[in-house]
Amino acid sequence: MANQQTQSVADQHTKLAKELQDVKLYIDGKFVEAEDNGTFENISPFTNETMNNIASGQAADIDKAVKAAHKAFKGEWGKMKQSERLDYVYKIGDLIEEHVEEIALLEALDTGLPLSQTKKQVSRSANNFRFYADTVKSQMYGETYQVDDEFINYTVRTPVGVAGLITPWNAPFMLETWKIAPALATGNTVVLKPAEWSPLTANRMAEIIDQAGLPDGVFNIVHGFGETAGDALVKHKDVKLISFTGETTTGSTIMKNGADTLKRFSMELGGKSPIIVFPDADLDRALDAATWGVFSFNGERCTANSRLYLHEDIAEDFVAKLKQRVENIRVGDPLDESTQVGPLIKTEHYENVKSYIEIAKEEGCEVVSGHIPEELSRGNYVAPTMLLNAENDMRVVQEEIFGPVIAVMTFKDEEEVIEKANDVEYGLAGYVWTNDIKRGHRVAHAVESGMLWVNAQNVRDLRTPFGGSKNSGIGREGGYYAFEFYTEQKIIHVAIGDHHIPQFGI
Ligand code: NAD
């Protein structure tokens, strides 16, 4: 029976994969093969079979894309009126909105993320374009500085040029839109190097932008590997800025490689975020948030609350309830709307996450895992997992696992938990649960992270600065903070009186 079920569920993936076309690069308004005709295989996380072939860009393709982007920047796009440019940005948002179901399905097929979750991400992606078009209209303004009656000095913002965008596979479509939308809305042109493990929706983005009718060269995609296509983009002299989201170690390599050409960088890197629960909190809501925050998106979430700190007075009860949740989480086919956790993106990543569960055992944790239905044996499934009796100095507490795994620890008082929360190299997000308003603010101030939520799950407000501190990132994206990165600020000094000019050589 299980075998029959395995077959029928896998058949759906295989059938959909057969309908996929091979993916090309998108350069200068055309879908093209790589210069050397190279390709790589795109593998299903559910069946581990090849779904289609992807053109594998190299330095020559990056160079072609950058030249096209540079030409568009100097030409039609650079000269276009802002309102006309923003109309294109709105149009992209509208087209995404029209195709939410289809893009969400592609994303689930490609990444193993549950369909119900990719649908929400894709809808938010459409909104990112509208939001940035609105924000450029309403908030991209300069400042004036009056100097007595001699000068008026004012600032203007101009686009930087060709933006190189490098993105990860964990929420590929949405994270791409977080970069493409502000880059285009502020007037730059783009070369995107999407993650090699999740190329399908990036390709769909190229089709949508093509359909929106943007001038040739404004938006380009070069698929390929980080060490080849990504590296060439980072080192290209005509690429003025690199917005990168991915692992901390990759970010560091990229910064070194971009130094010779003096790149401007935005770095959104890894995380190991704490969730701290005090006894006076609304414990039912804290349980909902802790469970969702680490097991949604298959645990492949940069802001996942992967370290749970429970006050010792409530720990036993909270852990018992969390165990029930872990056992009940619906692990399943990502294309099934009721699935809560799907397969991890790739066997390499699966092996890595599994190895951390073994490390946890060696380090002395009690490991409690949920269930994987038998018929899912072909996919890269890791059951939702709790690591009990964890200690701060363990590798499983210090290192990013990036899967459905939560380390659970206890604390006695506020001082101790703040020290533990801060005792990691990362500083992306943090979550505090307490009904003591003073303590909520105090702990929020004290936890070293770029973003902190009090009595809340990770609800994003697009207007606010997004990014990490410590090894989790450099710079902020989101709202008008993105303008700091995607625009050049220029100060213009205008004399309106006869200020003193020293006279040499008279
Ligand atoms: P990764 O660093 O392996 O790859 C990210 C991208 O960088 C890919 O497109 C890859 O091809 C490219 N790349 C790799 N080596 C390169 C090189 N030498 N030069 C140029 N490009 C190169 O990351 P990943 O495994 O795809 O993503 C998971 C990581 O991303 C996790 O650490 C996660 O926390 C992080 N992440 C952070 C945020 C955030 O906002 N801070 C959001 C999502 C994911």
Side-chain angles (χ1 to χ4, degrees), residues 40 54 56-59 62 110-111 113 121 164-179 191-199 201-202 221-236 239 242-259 261 263 265-273 294 296-306 344-346 348-350 352-353 356 399-403 424-430 449-451 458 460 464-478 481-482 485:
F40 62 91
I54 315 297
S56 183
Q58 308 285 337
I62 289 285
D110 208 15
T111 60
L113 291 170
Q121 287 183 343
L165 312 180
I166 303 180
T167 47
W169 46 260
N170 66 308
F173 193 75
M174 195 184 70
L175 292 173
E176 285 151 18
T177 66
W178 270 10
K179 297 182 191 301
V191 178
L192 169 69
K193 206 303 281 171
E196 54 271 36
W197 288 356
S198 58
T201 50
I221 293 192
V222 179
H223 297 277
F225 293 94
E227 297 73 14
T228 49
D231 185 63
L233 187 61
V234 169
K235 290 177 178 164
H236 202 291
V239 175
I242 293 284
S243 175
F244 171 75
T245 300
E247 282 180 22
T248 298
T249 48
T250 315
S252 154
T253 305
I254 287 177
M255 288 185 76
K256 282 183 208 126
N257 291 341
T261 47
K263 291 284 181 299
F265 291 113
S266 165
M267 290 279 152
E268 301 287 358
L269 308 175
K272 190 78 184 179
S273 302
V294 73
S296 54
F297 312 120
N298 300 346
E300 298 162 325
R301 182 175 185 157
C302 57
T303 49
N305 46 250
S306 49
L344 300 185
I345 182 116
K346 196 90 163 111
E348 286 97 310
H349 184 52
Y350 162 87
N352 195 37
V353 173
Y356 272 110
E399 297 173 19
E400 187 181 40
I401 299 176
F402 219 55
V424 291
E425 290 187 344
Y426 294 109
L428 188 56
S449 66
M451 300 172 281
N458 183 321
R460 175 93 176 92
T464 61
F466 183 98
S469 61
K470 295 162 80 174
N471 285 5
S472 290
I474 299 176
R476 295 290 181 269
E477 299 195 355
Y481 301 93
F485 180 68

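The first residue in the sequence is number 1, and the count goes up from there. One-based numbering, in listed order, for ligands and for the atoms of each.
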Fill in: Phe40 and Phe225 aromatic centres sub-6.0 Å
yes
Is Lys263 reaching over with its side chain to a backbone N or O of Val234, donor-acceptor style, under 3.5 angstrom?
yes
*asked:* Given 3.5 Å as the limit, does a donor-acceptor pair link the side chain of Lys179 with the main chain of Ile166, or not?
replied: no
Here the pair of heavy atoms bringing Glu300 nearest to Phe402 is CG-O, 3.4 Å
Atom 34 (O) of ligand 1 sits nearest the protein heavy atom Glu400 OE2, 2.6 Å
In this structure, atom 41 (N) of ligand 1 is nearest to the protein heavy atom Leu269 O, 2.7 Å
Ligand 1 to Gly230, heavy atom cutoff 4.0 Å, flagged ligand atoms 19 (N), 20 (C), 21 (N)
Note: ligand 1 atoms sitting under 4.0 Å from heavy atoms of Leu175 are 43 (C)
Here the pair of heavy atoms bringing Leu175 nearest to Pro168 is CD1-CG, 3.6 Å
To atom 23 (O) of ligand 1, the nearest of Glu477, Glu247, Met451 on a heavy-atom basis is Glu247
Of all protein heavy atoms, the one nearest atom 13 (N) of ligand 1 is Gly226 CA, 3.3 Å
The protein heavy atom nearest to atom 40 (O) of ligand 1 is Phe466 CE2, 3.2 Å
Q | Pairwise side-chain contact, Leu344 with Val353, heavy-atom cut-off 4.5 Å (strictly under) | A | yes
query: Can a protein heavy atom be found under 4.0 Å away from atom 11 (O) of ligand 1?
result: yes
Heavy-atom side-chain contact between Ser449 and Leu428 under 4.5 Å: no
Worksheet entry | Check: Asn458/Thr303 side-chain N/O donor and acceptor closer than 3.5 Å | yes
Does any N or O atom in Thr253 lie less than 3.5 angstrom from one in ligand 1, N or O only? no
At under 4.0 Å between heavy atoms, what of Leu233 touches ligand 1? The answer is neither
If we number the atoms of ligand 1 from 1 as shown, the ones under 4.0 Å from a heavy atom of Thr245 are 5 (C), 36 (N), 37 (C), 38 (C), 39 (C), 42 (C), 43 (C), 44 (C)
So, Ser472 and Lys272: side-chain donor and acceptor under 3.5 Å apart, yes or no? no
(request) Quick one: do Glu477 and Ser266 satisfy side chain to side chain donor-acceptor pair (under 3.5 Å)? Show the steps, please. (result) CA-CA 8 Å; Glu477 299 195 355; Ser266 165; 2.7 Å; yes
In ligand 1, the atoms that come under 4.0 Å of a heavy atom of Lys193 are 8 (C), 9 (O), 10 (C), 11 (O)
Among Gly246, Gly473, Pro199, Ala232, the residue with a heavy atom nearest to atom 30 (O) of ligand 1 is Gly246
CE (Met174) and CG (Leu113) are apart, to the nearest 0.5 Å, by 10.0 Å
min-distance protein heavy atom vs atom 42 (C) of ligand 1 -> Cys302 SG, 3.0 Å
Numbered in order shown, the ligand 1 atoms found under 4.0 Å of a heavy atom of Pro194 are 9 (O)
Nearest non-hydrogen protein atom to atom 8 (C) of ligand 1, with distance, is Thr167 O, 3.3 Å
Ranked by distance from atom 44 (C) of ligand 1, the top protein heavy atom is Asn170 OD1, 3.3 Å
I'd like to check whether Asn257 has a polar contact with ligand 1, where a contact means an N/O of the residue lying under 3.5 Å from an N/O of the ligand. no
Looking only at protein heavy atoms, what sits closest to atom 25 (O) of ligand 1 is Trp169 NE1, 2.9 Å
The atoms of ligand 1 lying under 4.0 Å from a heavy atom of Leu428, numbered in the order shown, are 41 (N)
Atoms of ligand 1 under 4.0 Å from any heavy atom of Asp231, numbered from 1 in the order shown, are 19 (N), 20 (C)
*asked:* For the backbone of Gly468 and the side chain of Arg476, can you confirm whether one donor and one acceptor N or O come within less than 3.5 Å of each other?
replied: yes
Taking Thr248 for its side chain and Gly270 for its backbone only, find out whether a donor-acceptor pair lies under 3.5 Å. yes
Numbered in order shown, the ligand 1 atoms found under 4.0 Å of a heavy atom of Phe244 are 2 (O), 5 (C), 6 (C), 7 (O)
Quiz item: How are the rings of Trp169 and Trp197 set relative to one another: parallel (under 30°), tilted (30 to 60°) or perpendicular (over 60°)?
Solution: tilted
When every non-hydrogen atom of His349 is compared with those of Ile401, the smallest separation belongs to CE1-O, 3.9 Å
When you measure from the side chain of Thr464 to the backbone N and O of Arg460, does any donor-acceptor pair fall under 3.5 Å? no
Quick look: Glu196 vs ligand 1, heavy-atom contacts under 4.0 Å, and the answer is side chain
| request: Say whether Trp197 and ligand 1 are in contact under the criterion: heavy-atom distance to a ligand atom below 4.0 Å. | output: no
With heavy atoms and a 4.0 Å threshold, my read on which part of Glu300 contacts ligand 1 is neither
Short version for Ala229: what comes under 4.0 Å of ligand 1, heavy atoms counted, is neither
Any heavy atom of Thr248 under 4.0 Å from ligand 1? The part involved is neither
